[in-house]
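What follows is a single structure, written as structure tokens, with notes after it.
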Amino acid sequence: NSSMFSSCCTPMAEAEAEASATVTLEAVKLGGEGVWGPEGVPSDVSCDELRRLVAKALGTRWRAVQLAFKEQALEGPEKLEKKGLVEGSYQLQVVFQDRSEEIRKIQEAIASCSKSGDVTLTEGLSDDEVVALEKRYGFTFPPEFLEFLQAGVLVGGGWHDWHSLASGSISAGSDMDSVAVQIRNHCTPEEADYWTEGEWAPPEEKTVEKAVELATKAYPLIPMRNHRCIVTVPHGYGLPVLSMHQCDDNQPFGKNFWDWVAQDSNLPETTVPAEWIEASSVPWEEVPFWRYWQG
């Protein structure tokens, strides 16, 4: 149904899609029940655009729709053709995952366990706010942190007020922009940093300017609470968390998002489900760029 697809794309994307190969896709649950399709989709559509298309047809939030093809997750900006979906007909697996109620209970516990006592829980981010924030800062929220923020937004005690930042009421990059301040002070290499060490770039390309470009554009970190930051590349689940300090005293502070939440929020031991903490994580040695900046 081309009209359904066009509703989630820009005119430019539509023009590009008309010239691309078309794949016929069908989404089925793990038990084999078909829930969407068969549907013709341009192969140069991104995985997230496909998730939006499926979600719109099913009347649900697109970020709750998890798609997979041959055991590989279809998510993020990568195009379908890069996932092997080029020409022909394919069956995709779909899982609907909405853990917002469980996550809000964890967030309520974080607020109540805060040592400062000034943490409040507000409503989760809308899809429009997420788009505004990712455009403002030039990063893509990792899945677990995004799921956390769309369940609820903690404010105070070092947690950033993402609603205010998304609204545009705070000037981007100003001293009131708490996320930009943390990135500037703790996630941006400077002359005094040990930017000459490690294999983060070929020796002839190692300059402060190159380090800043990679740190802030290619491999940006996202401050979550104060200067506790999550890696964003490679995009996917299980990315590690760093405690950043002036970009030269940086320490791993959680093998994944939920491991960090459990460690850093003074929570009772069983507050975060063990299976979330023990879920598959990206090994530190596989993290591009930042693995060379561990202090």
Side-chain angles (χ1 to χ4, degrees), residues 1 3-17 36 41-42 45-67 73-79 94-104 106-107 120-156 159-174 176-183 216-217 220-225 229-230 232-233 235-237 239 257:
N1 187 323
S3 63
M4 288 179 65
F5 175 73
S6 65
S7 65
C8 70
C9 302
T10 63
M12 181 178 293
E14 291 176 12
E16 293 173 352
W36 175 83
V41 178
V45 167
S46 75
C47 293
D48 278 351
E49 284 178 316
L50 177 62
R51 291 169 64 199
R52 287 187 177 94
L53 175 62
V54 173
K56 182 173 182 179
L58 300 179
T60 188
R61 292 178 63 173
W62 75 270
R63 297 182 192 277
V65 174
Q66 307 296 320
L67 297 174
L74 300 180
E75 62 180 10
E78 197 168 22
K79 295 181 178 181
V94 61
V95 174
F96 300 100
Q97 178 173 285
D98 186 354
R99 304 187 295 189
S100 55
E101 288 188 13
E102 294 172 273
I103 292 172
R104 281 192 71 87
I106 294 171
Q107 293 172 329
T120 57
L121 177 59
T122 64
E123 291 302 307
L125 292 178
S126 68
D127 286 345
D128 287 344
E129 287 178 307
V130 171
V131 171
L133 288 164
E134 291 184 338
K135 181 178 180 181
R136 177 184 178 113
Y137 295 108
F139 54 55
T140 299
F141 287 108
E144 297 100 324
F145 187 37
L146 179 58
E147 186 181 26
F148 184 85
L149 290 175
Q150 292 209 287
V153 175
L154 292 164
V155 179
W159 294 92
H160 304 288
D161 186 351
W162 295 99
H163 286 301
S164 294
L165 295 169
S167 72
S169 61
I170 297 174
S171 298
S174 69
M176 296 298 292
D177 184 339
S178 61
V179 169
V181 168
Q182 295 296 337
I183 293 173
T216 59
K217 304 297 183 184
L221 299 177
I222 301 180
M224 297 185 296
R225 187 175 71 82
C229 301
I230 192 165
T232 62
V233 179
H235 179 77
Y237 289 87
L239 294 173
F257 174 78

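Sequential numbering from 1 along the given sequence is applied to the chain's residues.
- Within the model, atoms CG of Asp48 and CD of Glu78 stand 11.0 Å from one another, a figure rounded to the nearest 0.5 Å.
- At least one side-chain heavy atom of Leu165 sits less than 4.5 Å from a side-chain heavy atom of Val179.
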Evaluate Leu58 against Val65 for side-chain contact (heavy atoms from CB on, under 4.5 Å), listing each step before the verdict.
CA-CA 10 Å; Leu58 300 179; Val65 174; 5.5 Å; no

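- Minimum heavy-atom separation, His235 to Pro142: CE1-CA, 4.4 Å.
- At least one donor-acceptor pair under 3.5 Å links the side chain of Gln107 to the backbone N or O of Phe148.
- Looking only at distances, a side-chain donor or acceptor of Thr232 sits under 3.5 Å from a matching main-chain atom of Pro220.
- Scored by the ring-ring contact (aromatic ring centres under 6.0 Å, His included) test, Trp162 finds Phe141 as partners (sequence neighbours excluded).
- Remark: the backbone N or O of Trp62 is not paired with any side-chain donor or acceptor of Arg52 at under 3.5 angstrom.
- Residues passing the salt bridge (Lys or Arg N to Asp or Glu O under 4.0 Å) test with Asp98, sequence neighbours excluded: none.
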Test Trp36 against Val94 for side-chain contact (heavy atoms from CB on, under 4.5 Å), laying out the working first.
CA-CA 9 Å; Trp36 175 83; Val94 61; over 6 Å; no

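- Among all heavy-atom pairs drawn from Pro143 and Gly236, the shortest one is CD-O, 3.2 Å.
- A pairwise comparison of heavy atoms in Leu154 and Trp159 identifies O-CB, 3.2 Å as the closest pair.
- Residues meeting the ring-ring contact (aromatic ring centres under 6.0 Å, His included) test with Tyr137, sequence neighbours left out: Phe139.
- In this view, Gln97 satisfies the side-chain hydrogen bond (donor to acceptor under 3.5 Å, both in side chains) rule with no residue, not counting sequence neighbours.
- At least one side-chain heavy atom of Leu125 sits under 4.5 Å from a side-chain heavy atom of His163.
- Here the CG-CD1 distance, from Asp177 to Ile183, works out to 8.0 Å after rounding to the nearest 0.5 Å.
- Expressed to the nearest 0.5 Å, how far CE of Met224 lies from CD1 of Ile230 amounts to 4.5 Å.
- Under the rule for a salt bridge (Lys or Arg N to Asp or Glu O under 4.0 Å), the partners of Arg99 that lie at least two apart in sequence or sit in another chain are Glu147.
- In plain terms, the two heavy atoms of Gln66 and Glu75 that are nearest each other are OE1-OE1, 4.0 Å.
- Remark: Glu129 pairs with no residue by the salt bridge (Lys or Arg N to Asp or Glu O under 4.0 Å) rule, at least two apart or across chains.
- Heavy atoms only, all atoms of each residue included: His160 and Ser178 are closest at ND1-OG, 2.8 Å.
- The one candidate from Val153, Val155, Ile170 that meets the side chain to side chain contact (heavy atoms under 4.5 Å, CB included) condition with Ser164 is Ile170.
- Distance check: Gln150 CD to Ser126 OG gives 7.5 Å after rounding to the nearest 0.5 Å.
- For the pair Gly76 and Ser46, the tightest heavy-atom approach, listed with the atom from each and the gap, is O-CB, 4.0 Å.
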